[in-house]
Protein chains: 2
Amino acid sequence: MVSDLAKNAYHHGDLRAALLAAATDIITESGVDAVTMRGLAERAGVSRTAPYRHFEDKRALLTEVALEGYRRLAATMAAAREKGGDDPVAALACIGQQYVRFAVDNATHYRLMFGDGAVTAGDAPAIKSASKKAAQDMVEAIQAAQARGLLIDTDPKKLANLLWSASHGLANLLISGQLPRSRAAEYARYMTDSVSRGFLPRPDDQSAR
Amino acid sequence: MVSDLAKNAYHHGDLRAALLAAATDIITESGVDAVTMRGLAERAGVSRTAPYRHFEDKRALLTEVALEGYRRLAATMAAAREKGGDDPVAALACIGQQYVRFAVDNATHYRLMFGDGAVTAGDAPAIKSASKKAAQDMVEAIQAAQARGLLIDTDPKKLANLLWSASHGLANLLISGQLPRSRAAEYARYMTDSVSRGFLPRPDDQSAR
DNA sequence: ACCTGAACACCGTTCAAGT
DNA sequence: ACCTGAACACCGTTCAAGT
């Protein structure tokens, strides 16, 4: 009954969580723009002003939702890296491909994270930390490949930023429909291949795998 | 006096142009979100509902502004290609770098063109045509390079989409501040180099230019 | 502590009415 | 043809007041 006590403390007791869940639902269904403070309140069965007891403003609420996305992205990156197995170049390709897949599969959420009104890393320390963590996975995979002589020896951070750019750009074009979503996986594969091998001919290379 | 007649026909006679100019100014100064139909009307010294005589709704007005951006982008691409001179690989690099430069130099406008609420190519045939024209420049540069054996022989459209992805992604990360804007040119250069040469080592290659 | 009702300052857009 | 005033249906947010 102790838990019931907590739950019943004023209406549902966890309005905060209810609001976040509602926002996440709406974002998934109808996009970030469809989220309104008033609508969230109504959905939670509470007055219009009640949400302001739990979040300073709309931005703060959305920042919290975005944070969850960053955490899931970081987890996806970590999993992708492992999936690459022993081969660090394969691990890197996996990371790039899974990044694009995450973005397309969570398009509306991704927009909140990286889109126009984007909750910047500066908005919350937790976001900065989660996003650094995702980036770190990429950098480490690069360093591992370089240590084995499998990648050219340039600044691994810069190289990571380039792979990030290509993945991010591809993801955006797919999400906005400028490239066909149905070909997402194909393009992602092509992207990671190309970033590794480049477009210049390789005279020494018979094994176009 | 004939021109004055035209100008004086109902207040300024070219409210349409005045509204577009005002919208462009506001977008440049304060971003797309700062554009309001009411504000535009006030700035033009006209009633709130007057703009609706010239544009069906806000989206139609913004589509017109975006179109101007697409035209300028296409012109920039064409100029970049020529700047590459005889060397088609250099032309391609120019295109990528100038694309990023355009995006960063016209950040708010670029957001309108490719951002979240983006006016999609489907919104206006003229946008589709201007954007196809820009893409065509890239494809042709690629085909020219392939004809001379300077690029691997894959689908030039796919290759163009990849370069576009990388450019677009880099541009977005720079605009949103996730990569430092001050290093835009450096990153753009690095991006086009990498997309050409790839990250895998090239044993035959002594001339790392 | 947590919630409410009323209110303020905004939006985009419509519509009957004026010249 | 082009413009206006008043109005409708929305926003985010504040603030005094209730329990």
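Note: hydrogens, waters and symmetry copies are ignored here, and every other heavy atom, side chains too, is used.
Atom CZ in A:R53 sits about 16 Å away from atom P in D:dG18, given to the nearest Å. Rounding to whole angstrom units, CZ of residue B:R16 and P of D:dA1 are separated by 17 Å. Atom C1' of nucleotide D:dT4 and atom CG of B:L15 are separated by 13 Å, given to the nearest angstrom. In this structure, B:R59 places its CZ atom 16 Å from C1' of C:dT13, rounding to the nearest Å. Put simply, OH on A:Y52 is 17 Å from P on D:dA16, counting in whole angstrom units. Computed from coordinates, the A:F55 CZ to C:dC3 P distance equals 12 Å when rounded to whole Å. Atom pair B:H54:NE2 and D:dC2:P shows a separation of 6 Å (rounding to whole Å applied). Here the P atom of nucleotide D:dA1 and the CG atom of B:D14 are 18 Å apart, to the nearest Å.
Within a 6.0 Å sphere centred on CG of A:D57, other residues, nucleotides and ligands contribute more than 12 heavy atoms. Atom CZ of B:R101 is surrounded by 12 or fewer heavy atoms from other residues, nucleotides or ligands within 6.0 Å. In B:E56, the CD atom is not crowded: 12 or fewer heavy atoms of neighbouring residues, nucleotides or ligands sit closer than 6.0 Å.
Electrostatic pairing of A:R183 and A:E186 counts as a salt bridge here, judged by a charged N lying under 4.0 Å from a carboxylate O. A salt bridge is defined here as a Lys NZ or Arg NE, NH1 or NH2 lying under 4.0 Å from an Asp or Glu carboxylate O, and B:E64 with B:R16 meets this definition.
Looking at residues two or more places apart in sequence or on another chain, you find no side chain to side chain donor-acceptor pair (under 3.5 Å) involving B:E68.
Ring orientation note: the planes of A:Y110 and A:F102 are nearly perpendicular, at an angle over 60° on the 30°/60° scale. Ring-plane geometry between A:F114 and A:Y99 is classed as tilted, the angle between the planes lying from 30 to 60 degrees on a 0 to 90 degree scale.
Of the residues listed (B:T24, B:I175, B:D33, B:I27), the one engaging B:T108 in a side chain to side chain contact (heavy atoms under 4.5 Å, CB included) is B:I27, and it is the only one.
Helical stems involving DNA chain C, defined as 3 or more consecutive Watson-Crick or G-U pairs under 3.5 Å, span C:4-8 with D:12-16, C:12-16 with D:4-8.
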* Structure fact -> Each nucleotide of nucleotides 6-11 of chain D classed B (base within 4.0 Å of a protein heavy atom), S (only sugar-phosphate) or -, in 5' to 3' order, makes B----B
